[in-house]
Amino acid sequence: MDVREKLAILADAAKYDASCASSGSKATRPGSKLGSTEGMGICHSYTPDGRCVSLLKILLTNYCIYDCQYCVNRISSDTPRARFTVEEVVSLTLEFYRRNYIEGLFLSSGIIQNSNYTMEQLTLVAKTLRQEHQYGGYIHLKTIPNADPELIQEAGLWADRLSVNIELPTENDLHQLAPEKKKVEIVQSMSGIREKIDEFKADRKEGFNAPRFAPAGQSTQMIVGATPTSDQEILQTATELYTGQNLRRVYYSAYSPIPHADARLPAQSPPLVREHRLYQADWLMRFYGFSSEEIVTEADRNLALDIDPKLAWALANRHFFPVDVNRASREELLRVPGMGVRSVDRVLQIRRHRQLRSEDLKKLRVAWKRTRIFVQTADRNPGLLNLESLNLRQQLQPARKQLLLFDAATSATTGEV
Amino acid sequence: MPLRAVETFEEWRESARELLAAGISPEEVTWAGPSQTLFTPESAHAGQSAGTQNFSVPPEFIERARTVACHLDVSRWELLYRMLWRLTHGERHLLKDSADDDVSRFQRMHKAVTRDVHKMKAFVRFRKVEVGSEERFIAWHRPDHRIVRLAAPFFARRFPAMEWTILTPAESVSWDQQELRYGPGVPASEAPEGDVLEDLWKTYYVSTFNPARIKMKTMKKEMPVRHWPTLPETALIPEMLEQAGQRVTAMINTREGFETTATSYFPERMTWKNVAEAAQHCKACHLHEHATQTVFGAGAKKPEIVIIGEQPGDREDLEGEPFVGPAGQLLDEALAGAKIDRASVYITNVVKHFKFTHKGKRRLHQKPNAREISACRPWLEAELEILKPSSIVLLGATAAQALLGRDFRITRQRGEMMKSEWCDRTIATWHPAAILRMPDQDRRRQMKDDLTLDLAAVR
Ligand code: SF4
């Protein structure tokens with residue numbers, strides 16, 4: 001099999017992984033002859049699915065001794081198999097990088113022989129790139145949960161980011177669909193990485209010239225919609241991981257394609273809507289100071305699909321409003337539907353010099369149709385009258401058609417609401 | 001009324017200083033790009049003495065204005081001067097007011113230029129050209145604004161050890177591993193065609209696309225169609241869209257549908273009797289099709305020790321009891337050797353149906369595969385959950401790996417007392433059938449001794 005055929009198989013097998021962003025490393029490795037990690041997050045191309053191509057995202061091999069049922073590479077699947085050599089991956093990365101096709105490499109692998117052997121092979125790719133080719137571009141390695149800590153430790157020296165996939169939201173889900181994987185083991189691997197990262201940071205602070213360890217931190221991915229687990233449980237797991245393991249990102253990947261669609265909406269790839277809502281909820285938790293318990297208020301413990309989670313929270317907490325844009329704190333302003341971090345910061349700047357009126361907010365490009373219902377401005381804002389209206393939700397709900405055309409693709413990177 | 005023709009930020013800055021020093025208000029000046037002037041512009045040297053005067057404005061303004069100056073809209077000069085005027089005439093905090101019309105236009109232009117710079121960083125595609133033994137990387141790119149000088153240093157930092165050139169219609173830049181050199185614009189026709197790697201790149205592009213989600217609108221927003229001609233992969237898009245339907249079908253075939261596991265056949269109340277009864281009707285994998293019956297675990301219901309084998313054999317399949325054939329006899333001997341009463345233990349298997357191929361009249365045992373093991377394991381887990389043994393003995397690699405993970409190596413870890421999820425005393429040892437298959441007499445005796453000793457260890 002030639003490299004082209006392998007590439008077709010091993011890129012196809014890797015495309016289900018949602019973690020695509022190349023961000024987080026602040027400085028390029030000193031002495032690099034090729035590649036930098038400044039200007040991160042550059043998307044070099046887009047495919048017709050609306051997702052960006054920023055990394056060479058491939059598997060080392062899609063042979064796997066495991067049989068996880070949500071995974072196309074499970075041993076019992078009859079998908080075509082291939083395996084790259086270490087040299088092939090190194091050369092593809094360098095050649096693609098030189099032509100400015102990519103920002104770096106995202107390498108993961110099916111498990112071959114055993115976890116340690118597989119982890120060694122992944123690490124060898126990164127080490128060869130760094131040591132033999134003075135490659136300074138981005139490298140993200142997906143670590144193998146059961147591999148020895150020393151092996152993962154070595155991987156962290158060469159990679160910018162490490163990730164361990166949590167795979168499914170709860171222990172129970174794992175038990176059902178990936179009985180060979182255990183949440184404790186996965187979380188243990190994560191804390192191993194977290195400890196190393198913390199150590200590295202502490203050493204740096206003390207002024208030691210510690211070898212860098214996964215400077216872009218760690219992330220994980222969760223498949224959603226493969227089991228009936230609720231959004232509440234999903235977000236709880238995410239919170240645990242953000243706070244307990246200090247993860248940079250949790251990625252959500254809707255189990256697709258369509259046959260296992262979410263039963264909560266009629267037809268048409270709805271798991272994507274759910275995925276989008278989860279990204280929005282995740283964003284609210286990371287940047288807007290919401291806790292997971294605040295976000296999921298629905299009786300069925302799931303996010304609303306018809307409106308975004310911030311609006312849903314606002315509707316359920318009307319006593320919190322109106323928020324006075326000329327007086328409220330940053331935290332309060334961030335809770336106003338339709339206002340993002342940027343517009344809030346601009347409001348704070350402007351109001352040091354003068355009072356803001358409705359016109360000003362419109363010019364700041366907040367989503368006025370929503371925002372007007374929740375804010376008090378220096379002039380009279382007639383939108384406020386609707387705050388107590390009973391059918392407010394219907395008024396604010398986008399047309400269903402629009403809903404399905406929403407911009408789910410970019411939600412993995414922004415999710416901003 | 002003064003007329004100013006400027007092309008670069010530096011030229012504008014010089015003129016602006018002069019005008020400001022002379023107290024000329026924005027309404028009194030007409031700004032033009034160099035090609036738009038019919039008359040010779042007033043000499044830039046006029047009023048030179050005044051031009052050296054310095055005005056204090058926030059450094060942020062100068063910095064951002066430098067970027068805005070790369071915008072192609074000719075009205076930018078007028079906007080910049082009006083803002084400069086306001087900043088120096090009592091509105092020092094002007095930049096903070098994003099809702100002001102001038103400021104918001106300034107911000108929008110700034111954003112357009114930085115976005116264009118970002119797109120240049122993303123969409124430049126180098127093509128390798130070999131001249132003798134030297135290799136050069138050349139790209140042709142069409143930015144919307146005059147941004148080559150803004151973007152070029154980035155490429156120098158990213159590709160320090162490469163010789164590269166970026167050509168654009170208005171300007172070009174080259175890097176020789178030492179410094180950046182700027183030159184005139186170049187038409188697309190002078191750019192090199194193709195690169196050996198483009199085929200691989202296109203293969204990657206097609207394969208990484210998920211045909212189950214099509215979002216052309218998002219794609220076009222992020223990757224504007226006017227950039228497509230310089231991106232080799234975009235030629236494939238029509239074909240990708242056309243084949244999407246077919247590929248989704250293929251995806252569904254390899255991905256769709258979770259295989260069932262034993263849990264689908266669990267009874268409501270999980271007592272041993274109910275579970276054993278329910279297992280008789282299990283169809284979670286296809287093994288039930290050819291086997292005679294389910295061979296569930298048997299033995300003491302309050303056992304200290306649970307012994308777990310791989311799978312029933314020929315005799316077991318016919319009798320419905322685990323370990324009654326030749327392997328069972330050997331196990332009995334070893335139990336006796338370890339002074340364990342068989343009636344006090346519980347014996348079961350990881351997989352509960354016999355798997356075989358025909359060889360003449362004989363039915364030959366076949367190893368269960370991963371799918372069958374994971375389908376059946378819930379029965380075993382239910383047994384352990386109900387019986388709560390204080391020791392577990394795992395016979396052979398299949399049983400050990402099913403409970404302890406794929407990384408378990410029987411040859412290396414045999415006889416080790418371990419903690420497992422089910423109990424604190426778990427040990428793995430040889431499977432009696434493996435001992436029976438061992439051709440070497442001495443080795444067979446040795447293995448049987450090992451088995452006896454390992455059993456004695458959990459007693
Ligand atoms: S082998 Fe196990 S899972 Fe398969 S049908 Fe028999 S009892 Fe069910």
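Nothing here was measured: the structure is a model prediction, and the numbers come from that model. We name chains A, B, ... by the order of the sequence lines, and we start the count at 1 in each one.
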Contact class of B/T263 relative to chain A, heavy atoms under 4.5 angstrom | neither
Distance-only, no hydrogens or angles: does the A/K33 side chain make a donor-acceptor pair with backbone N or O of A/H133 under 3.5 Å?
-> no
Option in A/N114, A/T47, A/V184 with maximal non-hydrogen atom pairs under 4.5 Å from chain B = A/T47
Of the listed B/M240, B/E381, B/R125, B/K119, the one with the largest count of heavy-atom pairs under 4.5 Å with chain A is B/R125
Quick one: are the ring centres of A/Y101 and B/W201 less than 6.0 Å apart?
-> yes
Heavy-atom pairs under 4.5 Å with chain A are the metric here; pick the option from B/A402, B/A161, B/A244 that has the most.
-> B/A161
Quick one: does A/S32's side chain have a donor or acceptor within less than 3.5 Å of a partner on A/Y135's backbone?
-> no
Greatest number of heavy atom pairs closer than 4.5 Å to chain B - which of A/Y66, A/Y117, A/F96 | A/F96
Counting only heavy atoms closer than 4.5 Å, note whether A/I75 contacts chain B via side chain, backbone, both or neither.
-> side chain
Checking heavy atoms, do the side chain of B/E421, its backbone, both or neither come under 4.5 Å from chain A?
-> side chain
Interface residue of largest heavy-atom contact number with chain B, from A/S45, A/S115, A/G35, under 4.5 Å | A/S45
Region of A/I9 in contact with chain B, defined by heavy-atom distances below 4.5 Å = neither
Interface check, chain A: of B/T208, B/D100, B/V206, most non-hydrogen pairs under 4.5 Å belong to B/T208
Toward chain B, the part of A/E359 with a non-hydrogen atom under 4.5 Å = neither
Pick whichever of A/R98, A/R352, A/Q349 has the most heavy-atom pairs under 4.5 Å with chain B.
-> A/R98
Interchain contact, B/L200 with chain A, by part (heavy-atom threshold 4.5 Å) = both
Test side chain to side chain contact (heavy atoms under 4.5 Å, CB included) on A/L55 and A/Y138 and set out the steps.
-> CA-CA 8 Å; A/L55 301 171; A/Y138 187 78; 3.7 Å; yes
Is there a donor-acceptor pair under 3.5 Å between the side chain of A/D345 and the backbone N or O of A/R342?
-> no
So, A/K363 and B/D101, do they make that salt bridge, N to O below 4.0 Å?
-> yes
Proximity breakdown for B/S104 and chain A, heavy-atom pairs closer than 4.5 Å = neither
Taking the six-membered ring for Trp, are B/Y265 and B/W379 ring centroids under 6.0 Å apart?
-> no
Side chain from CB out, backbone as N, CA, C, O: work out which of these in B/F137 comes under 4.5 Å of a heavy atom of chain A, or both, or neither.
-> side chain
Which of A/E185, A/Q134, A/H353 touches chain B most, by non-hydrogen pairs under 4.5 Å = A/H353
Take A/T377 and A/L356 through the test side chain to side chain contact (heavy atoms under 4.5 Å, CB included) and record every step on the way to the result.
-> CA-CA 6 Å; A/T377 50; A/L356 282 114; 5.9 Å; no
Okay, A/I65 and chain B: the region with an atom under 4.5 Å from a heavy atom over there is both
Measuring from B/T398:OG1 to B/L403:CG, what's the distance to the nearest 0.5 Å?
-> 11.5 Å
Tell me whether the centres of the aromatic rings in B/F123 and B/H227 are closer together than 6.0 Å.
-> yes
For B/M223, is it the side chain, the backbone, both or neither that has a heavy atom under 4.5 Å from a heavy atom of chain A?
-> both
Would you mind checking if B/E198 and B/K202 are paired as a salt bridge, meaning a charged N to carboxylate O distance below 4.0 Å?
-> no
Hey, are A/K183 and A/E171 close enough for a salt bridge, meaning a charged N less than 4.0 Å from a carboxylate O?
-> no
Could you look at B/D97 and say if it's the side chain, the backbone, both or neither that has a heavy atom under 4.5 Å from chain A?
-> both
Choice from B/M216, B/K128, B/E372, B/H93 maximising heavy atom contacts with chain A below 4.5 Å | B/H93
